[in-house]
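Have a look at the structure below, then the notes.
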Amino acid sequence: MSKVDLTQVRPYGDTLNDGIVQLSLTLPLPLSAEAQEAARRWALQSGFQDPKVVHSQDLGEGFSFFVLYARSPVAVDFSSIKVLKSSHKTLEKAEIEALISSKLGRKLVVVGASIESDAHTVGIDAIMNIKGYNGHKGLESYHQIEAYNLGAQVACEDLLARALDVGADAILISQVVTQKDLHLRNLTRMVELLELEGVRNNFLLIVGGPRINYELAKELGFDAGFGPGTFAEDVASFMIEQVLINRKGDHDV
Amino acid sequence: MTRPYLANKLQLDPVLIAEARTIANDIVAQVTPFIFSHSTVSVERTIVRMFGVNGVNPEGIPFPNVLVDHMREQGLIEDGAASLIAKACLHYGKNPQSLAEEIDRNELSLENLPDYPLETLHEMALGLALPAVTRIKEQGRNREAMIGSLGQGAEPYLYAIVATGNIYEDIIQARAAVHQGADIIAVIRSTGQSLLDYVPYGPTTEGFGGTFATQANFSIMRQALDEVGQEVGRYIRLTNYCSGLCMPEIAAMGALERLDVMLNDSMYGIIFRDINMQRTFIDQYFSRLINGFAGIVINTGEDNYLTTADAMEAAHTVLASDLINEQFAFLSGLPEAQQGLGHAMEINPDQPDAFLYEIAQAQLIREVFPRSPIKYMPPTKYMTGNIFRAHVQDTLFNVASIMTGQSIHLLGMLTEASHTPLMQDRFLSIESAQLVFQYMRNFGDEITFAADGKIQQRARETLQAAVNMLITIRDTGLFGALEKGMFAEISRSASGGRGLDGVFAKGPNYLNPFVELFGGDANV
């Protein structure tokens with residue numbers, strides 16, 4: 001096999017640089033030979049080469065579904081890509097516990113919620129509930145972490161009040177509903193509230209959710225963002241690392 | 001699969017099942033006196049709605065809220081809205097809608113009305129209730145007639161969700177789904193509606209993660225489904241969400257507009273929406289009374305327990321909750337044929353033999369509730385953005401469903417972890433379910449389970465654990481059990497949560513004509 005040129009990377013089907021992609025899409029057209037041709041031309045005009053409609057199906061109500069394979073002539077320069085991401089090292093649960101007790105000398109306090117209109121607890125539960133997710137125990141199971149999971153539909157004000165009340169080191173926010181960018185509005189609201197109250201620097205502010213990544217979180221004014229596939233230890237590792245860094249300027253201890 | 005489901009493949013002990021029901025009945029009986037002696041602002045607004053009060057004032061506040069708020073402000077609410085409106089109608093000679101509008105403009109008050117004999121008020125209230133009762137009965141007859149002439153899909157019914165936020169876009173999605181094979185269309189509500197202490201008004205085109213439940217939206221979708229039902233030659237059921245702070249009001253709206261299925265759990269709002277438990281128990285009683293009378297199938301939300309707690313460890317909590325939900329339904333006179341008790345397929349698929357344990361659970365719920373149109377929920381917790389794997393997980397769910405004789409089959413979506421369903425996602429899901437159901441139609445009839453094998457053992461253990469849990473709940477009381485976090489590991493306090501300020505003790509002259517009209521308990 002020839003070597004991959006990292007300055008020109010293309011999708012791989014079964015031969016290097018063949019550029020093969022699979023596409024599935026719906027057109028607002030009843031199924032016909034013309035509709036199939038429309039799907040093919042759509043792919044062509046999108047810049048794909050040799051599009052093949054391998055399946056088409058009428059969905060009723062004047063809609064049709066198509067599966068296509070095509071080749072993409074586009075290559076990306078992988079060697080020039082830089083993605084903003086958290087530089088923390090993910091530790092095991094036991095290591096995190098040891099680090100908190102030896103270096104911090106007190107429990108790490110964390111408050112979490114799914115905020116505003118978002119009624120989904122699945123994200124915050126995966127990180128915070130004792131059982132966690134997929135065998136990765138949640139923050140509530142950490143002896144060295146005092147974790148408060150406030151659940152879903154928690155107003156930003158209530159979340160902040162609780163964080164102040166328990167003297168939280170970190171505020172965790174989950175946002176699952178992303179329709180019409182509702183999550184962005186909710187998250188911005190939280191940052192604005194913290195700034196308005198002059199307490200933004202009192203807390204690590206962390207967001208998680210299926211449509212969240214580190215870069216987006218930083219853009220919104222959060223300290224970190226975690227996307228799909230995140231477990232409690234990822235978040236906990238980041239928190240303890242940051243708290244220890246920030247503590248250098250801490251006069252409270 | 002035809003109900004009643006008569007097979008006994010799990011070799012469950014019928015005495016133990018009967019005992020479970022007795023205990024669940026005891027648990028419900030403990031809270032019944034409280035339910036019967038109290039009412040809530042949402043129950044009263046429901047009465048007002050069924051007296052024909054509709055619309056919103058110039059500030060957009062629904063007239064049922066205007067009226068009931070007025071009653072509270074005047075300190076009159078303990079007599080109940082029915083009594084107060086009956087009195088005002090007699091005194092002013094006006095209908096309830098005019099009363100509401102004039103009270104809103106401060107042209108009229110319910111304060112200082114002359115006394116009437118209770119019997120007179122009762123008669124008047126029954127008269128005011130009659131048009132709504134007649135319409136609800138008529139809607140029930142319409143449903144029966146349409147099912148009679150058009151027919152309906154076979155169980156498991158394919159239950160598809162639309163959630164665009166725009167009722168008109170929902171119709172396009174729903175019509176397409178019906179043409180593809182859906183039997184039931186559920187219009188998901190806008191996120192957060194459950195916490196509103198009023199029902200939004202009119203057709204709506206903006207929502208988040210769903211579409212607002214309004215009476216106008218119910219009516220618009222009902223008409224669309226009746227039309228597409230004629231086209232495809234089968235009756236299409238409409239589902240909405242009778243939960244949250246306006247639970248009984250939504251029930252009334254659904255009964256008037258001929259919804260067929262309502263999410264209507266006795267405890268879901270307490271656990272997952274932090275709605276006060278006193279408020280919920282009172283509201284669910286009256287909402288189920290309405291649903292029962294209207295011939296609406298309720299669905300319960302036990303599947304949610306397993307998204308929070310672990311499905312292997314918490315399987316018995318689903319059964320225990322189903323049994324409690326069943327007894328609450330009986331308390332409201334809602335028969336088994338209208339009890340869509342919920343459960344779900346949420347075991348981690350990476351666990352060895354997960355499918356056997358899923359079969360054990362699905363078959364257990366089927367055998368314990370042989371006459372109920374039980375509702376089976378697809379995997380959500382262990383779904384990822386790998387839509388291809390997700391489609392396989394959903395296919396296994398389809399297999400489990402047809403094998404174990406489920407009644408209502410909520411279609412799993414390959415994009416469950418990514419976004420609300422695209423039209424093509426729904427199509428692929430329906431196609432998969434139809435393929436499996438056709439392919440394996442009578443598979444369940446042909447197989448038995450190994451005596452004392454993993455499936456039978458697991459089912460028996462779960463039943464026993466559910467009985468043990470019910471005993472503990474009976475000892476602590478349901479309020480105490482919820483405080484301890486026995487369901488979904490979420491703890492709620494009796495005086496916490498939203499909506500407690502809307503609960504009040506009924507006065508000695510309290511009146512609600514719908515309880516007797518809908519066949520409710522004479523002690524209410």
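In what follows, every chain begins at residue 1, and chains take the letters A, B, ... in the order their sequences are listed.
Once rounded to the nearest 0.5 Å, the distance linking OG of A:S174 with CD1 of A:I206 reads 13.0 Å. Rounding to the nearest 0.5 Å gives a distance of 9.0 Å between CD of B:Q351 and OH of B:Y382. Here the OG1 atom belonging to B:T280 is positioned 12.0 Å from the OH atom belonging to B:Y268, to the nearest 0.5 angstrom. A distance of 12.0 Å separates SG of A:C156 from CG of A:L196, quoted to the nearest 0.5 Å. In this structure, CD1 in B:I387 is found 13.5 Å from CD in B:E416, a value given to the nearest 0.5 Å. Remark: A:Q153 CD to B:R498 CZ distance equals 6.0 Å, nearest 0.5 Å.
Taking 4.0 Å as the cut-off between side-chain N and carboxylate O, A:R40 and A:E37 count as a salt-bridged pair. Remark: A:D18 does not engage A:R71 in a salt bridge, criterion side-chain N to carboxylate O under 4.0 Å.
Within the 4.5 angstrom heavy-atom criterion, only backbone atoms of B:A163 (N, CA, C, O) approach chain A. With a 4.5 Å cut-off on non-hydrogen atoms, B:A417 touches chain A through its backbone but not through its side chain. Within the 4.5 angstrom heavy-atom criterion, no atom of B:I490 approaches chain A. Heavy atoms closer than 4.5 Å to chain A are found in both the backbone and the side chain of B:T191. Contact of A:S24 with chain B is made through backbone and side chain together, with heavy-atom distances under 4.5 Å. When heavy atoms are compared at a cutoff of 4.5 Å, B:Q180 approaches chain A solely by way of its side chain, counted from C-beta outward. B:F272 does not touch chain A: none of its heavy atoms, backbone or side chain, sits under 4.5 Å away. Residue B:L428 touches chain A through its side chain alone, counting heavy-atom pairs closer than 4.5 Å. Of the two parts of A:P210, only the side chain, counted from C-beta on, holds a non-hydrogen atom closer than 4.5 Å to a non-hydrogen atom of chain B.
Below 4.5 Å, heavy atoms of chain B meet heavy atoms from A:Q57, A:L59, A:G60, A:E61, all part of residues 51-61 of chain A. Residue-level contacts of residues 132-146 of chain A with chain B, in order of numbering, are A:Y133, A:N134; threshold 4.5 Å between heavy atoms.
When each of B:I185, B:T211, B:I161 is paired with B:D170, the side-chain contact (heavy atoms from CB on, under 4.5 Å) condition holds for B:T211 and for no other.
Put simply, the side chain of A:D118 never gets that close to the backbone of A:I115: no donor and acceptor are under 3.5 Å apart.
Side-chain contact check for B:D303 versus B:E346: every heavy-atom pair is 4.5 Å or farther apart. Two residues are said to be in side-chain contact when any heavy atoms from C-beta on lie closer than 4.5 Å; B:D226 and B:Y235 meet this criterion.
Contact between B:R279 and B:L245 at its shortest, heavy atoms only, is NH2-O, 2.9 Å.
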Show your reasoning for whether salt bridge (Lys or Arg N to Asp or Glu O under 4.0 Å) applies to A:R185 and A:E116. CA-CA 10 Å; A:R185 265 185 272 168; A:E116 299 293 314; over 6 Å; no
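Options B:E489, B:H179, B:Q193, B:R273 differ in how many heavy-atom pairs under 4.5 Å they form with chain A, and the most are formed by B:R273.
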